[in-house]
Q: 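First the structure, then my questions, so here it is.
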Amino acid sequence: MNLPKSVRLVEVGPRDGLQNEKQPISVADKVRLVDDLTAAGLSYVEVGSFVSPKWVPQMAGSAEVFAGIQRKPGVTYAALTPNLKGFEAALEAKVEEVAVFAAASEAFSQKNINCSIGESLQRFVPLMEAAKAANVRVRGYVSCVLGCPYDGDIAPEQVARVARELYAMGCYEVSLGDTIGTGTAGKTRSMLEVVGRDIPRDKLAGHFHDTYGQALPNIYASLLEGISVFDSSVAGLGGCPYAKGATGNVASEDVLYLLQGLGIETGVDMDKLIAAGQRICDALGKANGSRVARARLSR
Ligand code: HMG
Ligand code: MG
């Protein structure tokens, strides 16, 4: 088996995890979540989004969250930015790295960011220029890489086309999102085989929602395809406001358990990660979505 020795976990719980929560969540709870996650050893946390508050109200306080966190050296604190306006707000909040997001499906692009795929890519051009001038790295997302809630099946070539465009415009890494979690290990490998023809595999990341319970096999399939960066969400928090029925990202604790079992380094402490997840679940009054956390906490 040719598996990586180490994996970088991109913790998206404070953003992807919380963005869909309908109940108000205090800035203090969000700040504590981010600080708990970095205390557990995570070196990359997506803290929030600078998007329209009309579209995603829960992320409206992202600047305050950035102002409240304890920034640890060596940790990247990132935010989603859909356009130049969002990028400028992120800069003001002293965000060190941003992410732009496009979709592999036209219908999802319209529902999520109110424009076509082509228009979204055009919108990113001035953002990329501003980011370059400000020395801010930009990560790129492609949504719906293994299926779309509106368009159904998505051809791997279509994913490759959008990923290639993001990479060519300067995204240092492209995260491939199974937004609705319908993908399977076989589909994951076929998609990566096609996308990997144009983009080096060490510039790709996997972002799996766990709606159909396939995220862990998909991560394992991705590891076999040479991918070594994965997005996950503590306690499996989340869902997507524009993908009805989609559940959260794969739980970070469950990914960590898989990787530990394979002898792959992450730098993350399981006990502290579980504590971080349970603390936010308690604050939200929600059941913990991580199987590993539930098992460990019931011992
Ligand atoms: P729009 O309505 O087409 O844009 O929205 P607009 O330019 O016409 O602006 C409309 C209003 O929004 C204006 O305000 C703008 O100022 C304001 P008004 O004059 O009406 O008062 N506005 C903004 N406000 C704050 N920050 C901004 C911003 N931009 C405009 N950056 C837009 C287009 C992209 C803004 C909107 O559709 C939007 O914000 N969408 C966000 C959707 C989102 O955050 N989705 C969830 C994240 S993506 C995801 O979860 C998938 C991922 O996890 C990967 C995966 O799972 O596949 C990443
Ligand atoms: Mg997502």
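All ligand and atom numbering here is 1-based and tracks the order in the structure. These numbers come from the heavy atoms of this one structure, side chains and all, not from hydrogens, waters or symmetry mates.
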Q: Using a 4.5 Å cut-off on heavy atoms from C-beta on, say whether the side chain of Val145 contacts that of Val162.
A: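 In short, these two side chains do not touch, never coming nearer than 4.5 Å.
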
Q: Of all the N, O or S atoms in His209, which has the shortest distance to the Mg ion (ligand 2)?
A: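 Relative to the Mg ion (ligand 2), the closest nitrogen, oxygen or sulfur of His209 carries the name NE2.
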
Q: Using a 3.5 Å cut-off on N or O atoms only, is Asn114 in polar contact with ligand 1?
A: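 Looking only at distances, the answer is yes, because the N/O contact criterion of under 3.5 Å is met.
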
Q: For ligand 1, which atoms sit closer than 4.0 Å to a heavy atom of Pro82?
A: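 Checking each atom against Pro82, I get 31 (N), 34 (C).
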
Q: Under the side chain to side chain donor-acceptor pair (under 3.5 Å) criterion, do His207 and Asp178 qualify, and how do the steps go?
A: CA-CA 6 Å; His207 177 109; Asp178 183 10; over 6 Å; no

Q: Check Asp178 against ligand 1 and report side chain, backbone, both or neither, counting heavy atoms closer than 4.0 Å.
A: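 No part of Asp178 is near ligand 1 at this cut-off.
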
Q: Side chain, backbone, both or neither: which part of Asp16 has a heavy atom under 4.0 Å from ligand 1?
A: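 For Asp16, only side-chain atoms sit under 4.0 Å from ligand 1.
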
Q: At the Mg ion (ligand 2), what's the angle from His207 NE2 to Asp16 OD2, rounded to 10 degrees?
A: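 So the angle at the metal works out to 90°.
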
Q: Applying a 4.0 Å heavy-atom criterion (strictly less than), which segment of Gln19 is in contact with ligand 1: side chain, backbone, both, or neither?
A: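 Gln19 to ligand 1: side-chain contact only, backbone stays beyond 4.0 Å.
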
Q: State whether the number of non-hydrogen atoms from other residues, nucleotides or ligands found under 6.0 Å of Gln23 atom CD is greater than 12.
A: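 Yes.
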
Q: If you take the nearest heavy atom of each of Lys85, Glu88, Lys111, His207, which one is closest to atom 15 (C) of ligand 1?
A: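 Considering heavy atoms of Lys85, Glu88, Lys111, His207, the nearest to atom 15 (C) of ligand 1 sits in Lys85.
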
Q: Under a 4.0 angstrom heavy-atom cut-off, which atoms of ligand 1 come close to Asn83?
A: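 Going through ligand 1 atom by atom, the ones under 4.0 Å from Asn83 are 27 (C), 28 (C), 29 (N), 30 (C), 31 (N), 35 (C).
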
Q: Number the atoms of ligand 1 from 1 as they appear, then name those within less than 4.0 Å of a heavy atom of Ser143, with their elements.
A: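 That gives atoms 51 (C), 54 (C), 55 (C), 57 (O) of ligand 1.
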
Q: Under 4.0 Å from any heavy atom of Phe50, which atoms of ligand 1 are there?
A: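 The atoms of ligand 1 under 4.0 Å from a heavy atom of Phe50 are 26 (N), 27 (C), 31 (N).
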
Q: Quick one: does Pro53 get within less than 4.0 Å of ligand 1, heavy atoms only?
A: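 Judged by the 4.0 Å heavy-atom criterion, Pro53 does count as contacting ligand 1.
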
Q: Please state which part of Glu119 comes within less than 4.0 Å of ligand 1, counting heavy atoms only: side chain, backbone, both or neither.
A: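 Near ligand 1, Glu119 shows nothing, with every heavy atom at 4.0 Å or more.
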
Q: Going by the atom numbers of ligand 1, which of them fall below 4.0 Å from some non-hydrogen atom of Gly86?
A: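 So the atoms of ligand 1 that pass are 31 (N).
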
Q: For the residue pair Phe66 and Phe50, categorise the inter-ring angle as parallel (less than 30°), tilted (30 to 60°) or perpendicular (more than 60°).
A: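 Taking Phe50 first and then Phe66, their aromatic rings sit tilted (interplane angle of 30° to 60°).
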
Q: Purely on distance, is any nitrogen or oxygen of Thr179 under 3.5 Å from one on ligand 1?
A: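 Min N/O separation from ligand 1 is below 3.5 Å for Thr179.
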
Q: Count I, L, V, M, F, W, Y as connected when their side-chain heavy atoms are under 4.5 Å apart, and connections chain through other members. Are Leu127 and Leu91 then in the same cluster?
A: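 Yes; Leu91 is reachable from Leu127 via cluster members.
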
Q: With side chains defined as the heavy atoms from C-beta onward, is the minimum distance between Leu258 and Ile264 less than 4.5 Å?
A: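 Side-chain contact under 4.5 Å: no.
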
Q: I want to check a possible cation-pi pair here: Arg15 against Tyr141, using under 6.0 Å from ring centre and within 45° of the ring axis as the test.
A: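 Flagged: Arg15 positioned over aromatic ring of Tyr141.
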
Q: Using the rule that Ile, Leu, Val, Met, Phe, Trp and Tyr join whenever any side-chain heavy atoms are under 4.5 Å apart, tell me whether Tyr220 and Ile227 fall into a single cluster.
A: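 Cluster IDs for Tyr220 and Ile227 match.
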
Q: Which one holds for Asn249 and ligand 1: side chain close, backbone close, both close, or neither close, with close meaning a heavy atom under 4.0 Å?
A: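 The answer is neither.
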
Q: Is it true that Asp29 and Arg32 make a salt bridge, defined as a side-chain N closer than 4.0 Å to a carboxylate O?
A: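 Yes.
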
Q: Would Gln214 and Asp210 satisfy side chain to side chain donor-acceptor pair (under 3.5 Å), going step by step from the backbone distance to the final call?
A: CA-CA 6 Å; Gln214 301 301 305; Asp210 203 27; over 6 Å; no

Q: Could you say whether the N/O atoms of Ser52 and ligand 1 ever approach to under 3.5 Å?
A: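 Between Ser52 and ligand 1, an N or O pair is found under 3.5 Å apart.
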
Q: Do Arg296's NZ or CZ and the ring of Tyr257 fall within the cation-pi criteria of under 6.0 Å and 45°?
A: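 Judged by the rule, Arg296 and Tyr257 form no cation-pi pair.
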
Q: Which atoms from ligand 1 have a heavy atom of Leu80 less than 4.0 Å away?
A: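 Listed by number with element, the hits are 47 (C).
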
Q: Less than 6.0 angstrom from the centroid, inside 45 degrees of the normal: does Lys203 satisfy that with respect to the ring of Tyr172?
A: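 Lys203 over Tyr172 ring: no.
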
Q: Which of the listed options, Arg123, Lys54, His209, holds the heavy atom that is closest to atom 21 (O) of ligand 1?
A: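 Minimum heavy-atom distance to atom 21 (O) of ligand 1 goes to Lys54.
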
